[in-house]
A.B. asks: 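Questions regarding the structure given below will be posed in turn.
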Amino acid sequence: MQNQSTMQNQDQRLLIVDDDEMFCHVLSRALTRRGFDVMVAHDADQALSIAAQFMPTMATLDLKLEHSSGLKLLPELLSTVPGCRIVVLTGYSSIATAVEAIKLGAINYLCKPADADDVMAAFEHPDADPNIELADNPPSINRITWEHIQKVLQEHDGNISATARALGMHRRTLQRKLQKRPVRR
């Protein structure tokens, strides 16, 4: 006998858009076990093609795809499937990208690593939570620097050279900084 949660999920079609094949496999398997009909896309073109045919009711979208930006794909996905609820996932989180993702129509934003429980919680609680706890300690200077770089990069549509000029640093220096994982706090 199926539980109520699984029965509710049967009409839910979920599209996972991420270039990390192992992450897609694990998340897809976990959500399929929960009763979702899941499809996977590894790039923007594939995502749009699958979305047009599959008509997902929900999607997870990686912010940083190998050859494109999830932020650029987000409005295109919503244009293809207007009722789709999208959660943006990223290993390169920043305040600027979170705000931009929400402005572009995402219902939530999650930092990787995220598992199926995190994804389900993001879909189940898309509204703002006024009771969320605020951190007692402010972010470190390294974190503020990371977020500033991400904001300027976003303002220059991902153009590394233009961002480096705006920040007054060498392009290769900026590239090295961007290859590192974001600073936690």
A.B. asks: Begin from the C-alpha positions of Q46 and V17 and carry the test side-chain contact (heavy atoms from CB on, under 4.5 Å) through to its verdict.
C.D. replies: CA-CA 9 Å; Q46 189 180 32; V17 183; over 6 Å; no
A.B. asks: Output the distance between atom CD1 (I16) and atom SG (C24), rounded to the nearest 0.5 Å.
C.D. replies: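 Result: 6.0 Å between the selected atoms.
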A.B. asks: If every non-hydrogen atom of L73 is compared with every non-hydrogen atom of A47, which pair is closest and at what distance?
C.D. replies: CD2-CB, 4.0 Å
A.B. asks: With rounding to the nearest 0.5 Å, note down the distance linking CG in D118 to CG in L27.
C.D. replies: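 The CG atom of D118 sits 10.0 Å away from the CG atom of L27.
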A.B. asks: Hey, does the side chain of D157 reach the backbone of N159 with a donor-acceptor pair shorter than 3.5 angstrom?
C.D. replies: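 Looks like no, no N/O pair under 3.5 Å.
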A.B. asks: Taking D117 first and then R34, would you say they form a salt bridge - that is, a charged N and a carboxylate O separated by under 4.0 Å?
C.D. replies: yes
A.B. asks: Just do the side-chain contact (heavy atoms from CB on, under 4.5 Å) check on I107 and F123 with the steps written out, would you?
C.D. replies: CA-CA 8 Å; I107 65 162; F123 280 116; 3.8 Å; yes
A.B. asks: Atom CG of L89 and atom CG of D20: how far apart are they, to the nearest 0.5 Å?
C.D. replies: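 That separation rounds to 11.0 Å.
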A.B. asks: Just do the side-chain contact (heavy atoms from CB on, under 4.5 Å) check on K177 and M169 with the steps written out, would you?
C.D. replies: CA-CA 11 Å; K177 287 181 178 285; M169 68 173 60; 4.1 Å; yes
A.B. asks: Please round to the nearest 0.5 Å and tell me the distance separating atom OG of S79 and atom CG of L74.
C.D. replies: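 One finds 11.5 Å between OG of S79 and CG of L74.
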A.B. asks: Examine distances only and state if a side-chain atom of T57 and a backbone atom of R13 form a donor-acceptor pair shorter than 3.5 Å.
C.D. replies: yes
A.B. asks: Kindly indicate whether the side chain of D62, heavy atoms from C-beta on, has any atom under 4.5 Å from the side chain of F23.
C.D. replies: no
A.B. asks: Distance check, rounded to the nearest 0.5 Å: H156 atom NE2 versus L167 atom CG?
C.D. replies: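 Answer for the NE2-CG pair, H156 versus L167, is 8.0 Å.
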A.B. asks: Please tell me if the side chains of R29 and T32 come closer than 4.5 Å, counting only heavy atoms from C-beta onward.
C.D. replies: no
A.B. asks: Indicate, with yes or no, if L65 and V81 share a hydrophobic cluster defined by side-chain heavy-atom contacts under 4.5 Å among Ile, Leu, Val, Met, Phe, Trp and Tyr.
C.D. replies: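 No.
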A.B. asks: Once rounded to the nearest 0.5 Å, what's the spacing between atom CZ of R176 and atom CZ of R171?
C.D. replies: 10.5 Å
A.B. asks: Examine L48 and L71 and state if one hydrophobic cluster contains both, with Ile, Leu, Val, Met, Phe, Trp and Tyr joined whenever side-chain heavy atoms are less than 4.5 Å apart.
C.D. replies: yes
A.B. asks: Within the distance-only criterion (no hydrogens, no angle test), does the side chain of S49 pair as donor or acceptor with the backbone N or O of D45 below 3.5 angstrom?
C.D. replies: no
A.B. asks: With side chains defined as the heavy atoms from C-beta onward, is the minimum distance between L178 and L153 less than 4.5 Å?
C.D. replies: yes
A.B. asks: Do V88 and L104 have side chains that get closer than 4.5 Å, going by heavy atoms?
C.D. replies: no
A.B. asks: Counting heavy atoms not belonging to I95, are there more than 12 under 6.0 Å from its CD1?
C.D. replies: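 For I95, atom CD1 is not crowded (no more than 12 foreign heavy atoms under 6.0 Å).
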A.B. asks: Between A122 and N108, which heavy-atom pair has the shortest distance, and what is it?
C.D. replies: O-ND2, 3.1 Å
A.B. asks: Assigning hydrophobic clusters by single linkage (Ile, Leu, Val, Met, Phe, Trp, Tyr; side-chain heavy-atom cutoff under 4.5 Å), is L78 placed with M55?
C.D. replies: no
A.B. asks: Do Y109 and V99 have side-chain heavy atoms sitting under 4.5 Å apart?
C.D. replies: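 Not touching, per the 4.5 Å side-chain cut-off.
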A.B. asks: According to a 4.5 Å side-chain heavy-atom criterion applied to Ile, Leu, Val, Met, Phe, Trp and Tyr, with indirect links allowed, do V40 and V119 form part of one hydrophobic cluster?
C.D. replies: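 Linked, V40 and V119 end up in one cluster.
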A.B. asks: Any idea which heavy atoms bring A51 and L77 closest together, and the distance?
C.D. replies: CB-CD2, 3.7 Å
A.B. asks: Decide yes or no for D37 and F54: does some side-chain heavy atom of the first lie under 4.5 Å from some side-chain heavy atom of the second?
C.D. replies: yes
A.B. asks: Looking only at heavy atoms, what is the nearest atom pair of A166 and V152, with distance?
C.D. replies: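 So the minimum-distance heavy-atom pair works out to CB-CG1, 3.9 Å.
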A.B. asks: Would a 4.5 Å heavy-atom cut-off, applied to side chains only, mark T60 and D18 as touching?
C.D. replies: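 No, too far: nothing below the 4.5 Å cut-off.
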A.B. asks: Answer yes if I86 and L63 sit in the same cluster of Ile, Leu, Val, Met, Phe, Trp and Tyr residues linked by side chain heavy atoms under 4.5 Å apart, and no otherwise.
C.D. replies: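 They do share one cluster, since a chain of ILVMFWY contacts under 4.5 Å joins I86 to L63.
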A.B. asks: With heavy-atom distances below 4.5 Å as the criterion, would you say the side chains of H67 and D43 are in contact?
C.D. replies: no
A.B. asks: How close do C84 and M58 get, heavy atom to heavy atom, and via which atoms?
C.D. replies: SG-C, 3.6 Å
